2 protein chains.
Amino acid sequence: MAVSARRGPYICGIDAAMDVVSGKWKSLILWELDHHGTRRFGELRRGLPGVSEKMLVQHLREMEEDGLVHREVYREVPPRVEYSLTDDGRSLNEALRPLGAWGTQRSARLAAP
Amino acid sequence: MAVSARRGPYICGIDAAMDVVSGKWKSLILWELDHHGTRRFGELRRGLPGVSEKMLVQHLREMEEDGLVHREVYREVPPRVEYSLTDDGRSLNEALRPLGAWGTQRSARLAAP
DNA sequence: TGCACTACTCACCAAGCGGTAAGGATCGAG
DNA sequence: CTCGATCCTTACCGCTTGGTGAGTAGTGCA
């Protein structure tokens, strides 16, 4: 399975980071959680238009396993689950900021040549 | 096809950048070219242990299309092709540096808990 | 004569990533 | 007594990603 078979020997720090952030929605989840602080499952789903429940659960589980997000379950009815970033997740977001800026500049350059 | 069907509307700068850097060997190619300045096809292949020729060609073509690498062909026999980074490629590498540092720290943390 | 070297190109194939759809546990509302 | 809300889980399936191995062109070298 991908979840447990990952984390091979890394050649440099980049692919160690890419391993953790690769996935169609992971960077968006990171951004949502950093922006809003704490979000429930349904809030995340509504905040990421187009994501399927399966992928959202799967990515959240992997990111929890990777120590990026914290999952807090409240045993209520109906159930409530809140997700937030760990310190690792926040520092990853910090590390991603220059990349985001680069991407934004690039988008601007492509849009208006 | 993946090469031409990419570049959809981006939600934030991160996925614009991820679109360009996602691919098993792209970050390594970036690192190799940044580290060595100019490399021939065979040198890159030997520098990235495990890469298949097909993937190396494919990634180099995509990165050339994306304006990250420059391709210089010398019409000799045997043929010689040299790859180097463009300004965009170098700035992307700069933007990736914090991510690489994060990944390195994380690797260290995982290796020695 | 024939093989090697370079930088590919092409055809085929396996794995897995991601999407769709359905179900399920629990309780309040109507 | 069924419906809806919430947060998932499971099964299935197609497309993309990446790997393998073969072929190509022109010349040098044994």
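Below, read A as the first sequence line, B as the second, and so on, with proteins coming before strands; counting in each chain starts at 1. Just the heavy atoms: all of them, side chains too, but no hydrogens, waters or symmetry mates, feed the values below. In this text the structure is predicted, and so the values were computed from the model without any measurement.
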>> The criterion is side-chain hydrogen bond (donor to acceptor under 3.5 Å, both in side chains); which residues satisfy it with R40(B), sequence neighbours excluded?
In response: none
> For dG19(C), does either OP1 or OP2 sit under 4.0 Å from a side-chain N or O belonging to W25(A)?
Replying inline: yes
>> Please pick, from dT20(D), dT9(C), dC8(D), the nucleotide with the shortest atom-to-atom distance to any side-chain atom of S52(B).
In response: dT20(D)
>> Can you see if the side chain of H59(A) gets near the phosphate of dG18(C) - specifically, an N or O under 4.0 Å from OP1 or OP2?
In response: yes
>> Would you say that R106(B) contacts D66(A) through its side chain, given a criterion of any heavy-atom pair below 4.5 Å between the two side chains?
In response: yes
>> Can you see if the side chain of R71(B) gets near the phosphate of dC8(C) - specifically, an N or O under 4.0 Å from OP1 or OP2?
In response: yes
>> Would you say that more than 12 heavy atoms from the other residues, nucleotides or ligands in this model lie under 6.0 Å from the CH2 of W31(B), or not?
In response: no
>> Donor-acceptor pair, distance only, cut-off 3.5 Å: does the side chain of S27(B) make one with the backbone of D15(A)?
In response: no
> Below 4.0 angstrom from OP1 or OP2 of dC7(D), is there any side-chain N or O of R45(A)?
Replying inline: no
>> Can you pull out the residues from residues 35-43 of chain B that lie within a 4.0 Å heavy-atom distance of DNA chain C?
In response: R40(B), F41(B), G42(B)
> Rounded to whole angstrom units, what separation is found between the CD atom of Q58(A) and the C1' atom of dT20(C)?
Replying inline: 14 Å
> Nearest-Å distance, CG (L56(B)) to P (dG19(D))?
Replying inline: 11 Å
> Between C12(B) and L28(A), what is the shortest heavy-atom contact and its length?
Replying inline: SG-CD1, 4.1 Å
> If you find the nucleotide of DNA chain C closest to K24(A) and the one closest to L60(B), which residue's nucleotide is nearer the 5' end?
Replying inline: L60(B)
> Taking atom CG of D88(B) and atom CG of L92(B), what is their separation to the nearest 0.5 Å?
Replying inline: 8.5 Å
> Between dG18(D) atom P and R61(B) atom CZ, what is the distance in whole Å?
Replying inline: 17 Å
> Taking protein heavy atoms under 4.0 Å as touching, what does nucleotides 21-30 of chain C look like 5' to 3' if B marks base contact, S marks sugar-phosphate-only contact and - marks none?
Replying inline: ------S---
>> Measure CG/L48(A) against C1'/dG18(C) and give the value in whole Å, please.
In response: 15 Å
>> What is the separation between atom CD1 on I29(A) and atom P on dG18(C), rounded to the nearest whole Å?
In response: 11 Å
> Atom CE of M18(B) and atom P of dG18(C): how far apart are they, to the nearest Å?
Replying inline: 11 Å
> Atom CG of L28(B) to atom C1' of dG18(D): distance rounded to whole Å?
Replying inline: 15 Å
> Out of curiosity, does V69(B) fall in the hydrophobic cluster containing V73(B) (side-chain heavy atoms, cut-off under 4.5 Å, transitive links)?
Replying inline: yes
>> Using whole Å, what does the distance between atom C1' of nucleotide dG19(C) and atom CE of M55(A) come to?
In response: 9 Å
> Which is true for Y74(A) with a 4.0 Å heavy-atom rule: it touches a base, it touches only sugar-phosphate, or it touches nothing?
Replying inline: nothing
>> Given L85(A), which partner from the list T38(A), L68(A), N93(A) fulfils the side chain to side chain contact (heavy atoms under 4.5 Å, CB included) test?
In response: N93(A)
> Are any side-chain N or O atoms of R45(B) and backbone N or O atoms of L56(B), one a donor and one an acceptor, separated by less than 3.5 Å?
Replying inline: no
> Between H70(B), E72(B), R71(B), which is the residue that forms a side chain to side chain donor-acceptor pair (under 3.5 Å) with Y83(B)?
Replying inline: R71(B)
